[in-house]
Amino acid sequence: MAKQGWRRSRASAALLILSLLTACTVIPQVVPPSGYAPPYIAAAPVPLSSPSPAANPEPVVAPPPPPALALGLRPGPAMASLPLTNSRPRMALRSFIESCPKLLIRVDSSGLTRGADWAESCAAAPTWPATIAAGFFDRFFETVRLGDGKALVTGYFEPEIAGVRQRQSGFDVPVYGLPSDLVRQWPDTVPLDQRTGTPPPGRIDEAGHLVPYYDRAAIEDGVLANKGLEIAWAADPVELFFLEVQGSGRLVGPNGQVMRIGYAGQNGRDYVAIGGLLRARGLVGSGSGKYPASMQGIMAYLRYDPDEGKALMRENPSYVFFREGNNDGPIGALGVPVRAQSSLAIDPLYVPLGAPIWLGVNRVEAGGLWIAQDTGGAIKGANRFDSFWGAGPTARTIAGGMVARGDAVLLLPKGTLARLGIQ
């Protein structure tokens, strides 16, 4: 949903309370530098008949180590010391099994694991008894702390808003699919040795130059209209804005027909949390006198003066494009469905997608084992997590109020620390 991610672009519903907060939308995976250690480059032999090499040859620039290794890792507590007695190990095992086909073939952006590292646990997982799921994680994993291990956990959910496939009276807000002119390309101004990861989004202008893609204001003013990109139509621009923050959701028509949409891409513009703007201006929260610092309070403020609300939403230039989904759950950045009370959005530069994570936090409902299956536009850093709570009013309430702090422990396949030279 990331963030924005599935989550996108996927900001999260929990910091929707504090700053609108973190979008958990699915964002495209960042391809890591090739290897996390400087490569050894052998000097080519110089033929006897060739001229002498230059006195000052051009130095070979090795890529920097991935952020996870640069931050620092250390062994975590013994698995047996982690409380794994609730139902969450069973749910985590199910999500881990769904993740395995991707784990075995994907490139880990964090630089911590390789596909082969997961082979043993993925082979054993499908037949492991769910009644002793905690024993599975104890058998195949070792624990790691990233940095100080201090976690911040928010929440996101799958919203339901009024929407239809074909435009009709009362449904006039377009839901756009991914435009064909949205490209990923390195600008000429970026040096070759800095072109690591995924190139930024943009578009090619009339002169053939890469320029930033259209921002929210331009898109809402119709720059993409009548190009066959409308996959659906929503009734309320405010609800659609918040669905973008979540990264995916369900459109429900007047006849009860449901269309699930998920994150397809983002325009490349920086995400701005409008909840934070409102708080900074004293328009919501304590002292505002009228609008609480919650998702409902922010929505009420945006609707009180539609023109002012529209202008405020446009202060967030980021815009999310969608595609129709037919899965039994929203698809996260790993390419598998995210599951309520089991899936976390993470920063893939620090945490491998598909890895188990144990949280010991001050909100009991968020504690225990989770699986990293998603990313989010505002989920940045080694110990920043967004917890997924599903769909419906209860999920909306829990996710909207989720702000938990405590400890995070990353679980990696046994032997990973030794391979990385960490003791």
If you round to the nearest 0.5 Å, how far is CH2 of Trp128 from CD1 of Ile97?
11.5 Å
Inter-residue atom distance Leu312.CG - Ile298.CD1, 0.5 Å rounding:
9.0 Å
Do the non-hydrogen side-chain atoms of Trp233 and Pro174 ever get within less than 4.5 Å of each other?
yes
Inter-residue atom distance Cys122.SG - Leu103.CG, 0.5 Å rounding
5.0 Å
Hey, does the side chain of Asp347 reach the backbone of Gly381 with a donor-acceptor pair shorter than 3.5 angstrom?
yes
Which atoms form the tightest heavy-atom contact between Trp358 and Leu84, and what is the distance?
CD1-CD2, 3.6 Å
Please answer whether the main-chain N or O of Gly72 pairs with a side-chain N or O of Arg145 as donor and acceptor at a distance below 3.5 Å.
no
Would you check if the side chain of Thr143 reaches a backbone N or O of Pro77 as a donor-acceptor pair within less than 3.5 Å?
yes
Heavy-atom count around Asp188 CG within 6.0 Å, excluding the residue itself: above 12?
no
Working to the nearest 0.5 Å, report the span between OG of Ser343 and CG of Asp386.
11.5 Å
Looking only at atom types and distance, does a side-chain atom of Glu230 sit under 3.5 Å from a main-chain N or O of Ala232, one as donor and one as acceptor?
no
Side chains of Gln266 and Tyr319, heavy atoms from C-beta outward: is any pair under 4.5 Å?
no
Heavy-atom pair with the smallest gap, counting every atom of Ile346 and Phe385
CG2-CD2, 3.4 Å
Would you call the rings of Phe388 and Tyr156 parallel, tilted or perpendicular if under 30° counts as parallel and over 60° as perpendicular?
tilted
Would you say the side chain of Leu417 lies within less than 4.5 Å of the side chain of Glu142, judging by non-hydrogen atoms?
yes
Pro254 to Gln168 - nearest heavy-atom pair and separation:
CG-OE1, 4.1 Å
Validation row: Pro159, Phe242 side chains within 4.5 angstrom (heavy atoms)
no
CG/Leu283 to CD/Glu308 distance, rounded to the nearest 0.5 angstrom?
7.0 Å
Do side-chain atoms of Arg216 reach the backbone of Ser318 as a donor and acceptor pair under 3.5 angstrom?
yes
Within the distance-only criterion (no hydrogens, no angle test), does the side chain of Asp374 pair as donor or acceptor with the backbone N or O of Leu344 below 3.5 angstrom?
no
side-chain contact (heavy atoms from CB on, under 4.5 Å) for Leu243 and Val320? Distances and angles first, verdict last.
CA-CA 9 Å; Leu243 192 148; Val320 172; over 6 Å; no
What residues form a salt bridge (Lys or Arg N to Asp or Glu O under 4.0 Å) with Asp221, not counting sequence neighbours?
Arg314
Got Ser95 and Gln373 here, is their nearest side-chain heavy-atom distance under 4.5 Å?
yes
Would Ile161 and Asp236 count as a side-chain contact (heavy atoms from CB on, under 4.5 Å) here? Give the steps.
CA-CA 8 Å; Ile161 70 172; Asp236 184 347; over 6 Å; no
Taking every non-hydrogen atom, the tightest pair across Leu277 and Glu315
CD1-OE1, 3.6 Å
Shortest non-hydrogen contact from Phe137 to Pro89?
CE1-O, 3.7 Å
List, one per line, each side-chain donor-acceptor pair under 3.5 Å for residues 207-214, sequence neighbours excluded.
residue	atom	partner	partner atom	Å
Tyr213	OH	Asp181	OD1	2.6

Taking the six-membered ring for Trp, are Phe140 and Phe96 ring centroids under 6.0 Å apart?
no
Expected output: side-chain Lys414 to main-chain Asp138 donor-acceptor under 3.5 Å:
yes
Polar side-chain atom of Ser110 near backbone of Leu349 as donor-acceptor pair, under 3.5 Å:
no
Counting C-beta onward and ignoring hydrogens, is there a side-chain heavy-atom pair between Ser109 and Tyr350 closer than 4.5 Å?
no
Candidate pair Val258 and Leu251, rule side-chain contact (heavy atoms from CB on, under 4.5 Å), full reasoning
CA-CA 6 Å; Val258 175; Leu251 305 181; over 6 Å; no
What residue among Glu160, Glu324, Glu158 forms side-chain hydrogen bond (donor to acceptor under 3.5 Å, both in side chains) with Arg260?
Glu158
From Phe241 atom CZ to Lys310 atom NZ, the distance as rounded to the nearest 0.5 Å
13.5 Å
Indicate yes or no: at least one non-hydrogen side-chain atom of Leu369 is less than 4.5 angstrom from one of Leu411.
yes
Could you please spell out the steps behind the side-chain contact (heavy atoms from CB on, under 4.5 Å) verdict for Met91 and Arg339?
CA-CA 8 Å; Met91 296 187 292; Arg339 303 297 183 186; over 6 Å; no
Do you know which two heavy atoms are closest between Ile371 and Ala92, and how far apart they sit?
CG1-O, 3.4 Å
Is any side-chain heavy atom of Trp118 closer than 4.5 Å to a side-chain heavy atom of Arg106?
no
Quick check against the 3.5 Å criterion: does Arg396 have a side-chain atom that pairs as donor or acceptor with the backbone of Phe157?
no
Distance alone, cut at 3.5 Å: any donor-acceptor contact between the side chains of Asp108 and Thr113?
yes
Could you check whether Ser121 and Arg139, counting side-chain N and O atoms only, form a donor-acceptor pair closer than 3.5 Å?
no
Is Asp407 reaching over with its side chain to a backbone N or O of Gly360, donor-acceptor style, under 3.5 angstrom?
no
